[in-house]
Amino acid sequence: MSDKARKLFDALDLNADGELTRVEVISALRSKGPTLAARGDLPFWGLGDADASSALFDAADANGDEVLTFEEFAAVVDRRFGW
């Protein structure tokens with residue numbers, strides 16, 4: 001799992017509890033997404049609306065518990081973003 005995935009996960013983990021919720025992913029990508037993309041921590045094409053962010057969450061939520069661990073998150077973003 002890449003360092004970029006860890007950096008992005010930590011940036012999206014708004015309450016720093018080591019897990020991501022759907023609301024966190026959508027809120028963080030909306031508020032921090034452009035800055036993360038400008039720094040190279042997120043591909044510009046990875047920026048999307050709430051529906052795209054929600055779809056990314058669903059793709060990563062392997063066990064369907066509505067919470068993403070780093071491992072679930074990294075498995076999807078490493079593949080999807082080509083890291």
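The figures that follow rest on heavy atoms only: side chains count, while hydrogens, waters and symmetry mates do not.
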Report task. To the nearest 0.5 angstrom, please state how far the CG atom of L20 sits from the CD atom of E66. Result -> 12.5 Å
Query - Cluster check L29, F44: I/L/V/M/F/W/Y, side chain < 4.5 angstrom - result: yes
Query - Closest non-hydrogen atom pair between R80 and A59, with its separation - result: NH2-CB, 3.6 Å
Report task. Identify the two heavy atoms, one from A74 and one from A5, that lie closest to each other, and give their separation to 0.1 Å. Result -> CB-CB, 3.9 Å
Report task. First locate atom CD1 of I26, then atom CG of D49, and finally report the distance between them rounded to the nearest 0.5 Å. Result -> 9.5 Å
Query raised in the report: When rounded to the nearest 0.5 angstrom, what is the spacing between CG in L12 and CD in E24?
Result: 8.5 Å
Query - Hydrophobic cluster membership, V67 vs F70, 4.5 Å side-chain cutoff - result: no
Query - salt bridge (Lys or Arg N to Asp or Glu O under 4.0 Å) between K7 and D3, intermediate numbers included - result: CA-CA 6 Å; K7 197 172 191 180; D3 291 337; over 6 Å; no
Query raised in the report: If you look at every heavy atom in R30 and A50, which pair is closest and at what distance?
Result: NH2-CB, 4.0 Å
**Report entry** Euclidean distance, L36 CG relative to S31 OG, rounded to 0.5 Å
**Finding:** 8.5 Å
Query raised in the report: Short question: side chain of D78, backbone of S2 - any donor-acceptor pair under 3.5 Å?
Result: yes
**Report entry** Same apolar cluster (I L V M F W Y, side chains within < 4.5 Å links), F57/L14
**Finding:** no
Query - Euclidean distance, T21 OG1 relative to L68 CG, rounded to 0.5 Å - result: 8.5 Å
Requested in this report: Evaluate the side-chain proximity of N15 to D13: yes if any heavy-atom separation is below 4.5 Å, no if none is.
Outcome: yes
Report task. Answer yes or no: are there more than 12 heavy-atom neighbours, outside K32 itself, under 6.0 Å from its atom NZ? Result -> yes
Query - CZ on F73 to CG on D10, rounded to 0.5 Å - result: 9.5 Å
Requested in this report: Tell me, with the steps shown, if D58 and R22 meet salt bridge (Lys or Arg N to Asp or Glu O under 4.0 Å).
Outcome: CA-CA 8 Å; D58 289 337; R22 183 182 309 275; 2.7 Å; yes
Query raised in the report: Is it true that L42 and F9 fall in one hydrophobic cluster, defined by side-chain heavy atoms closer than 4.5 Å?
Result: yes
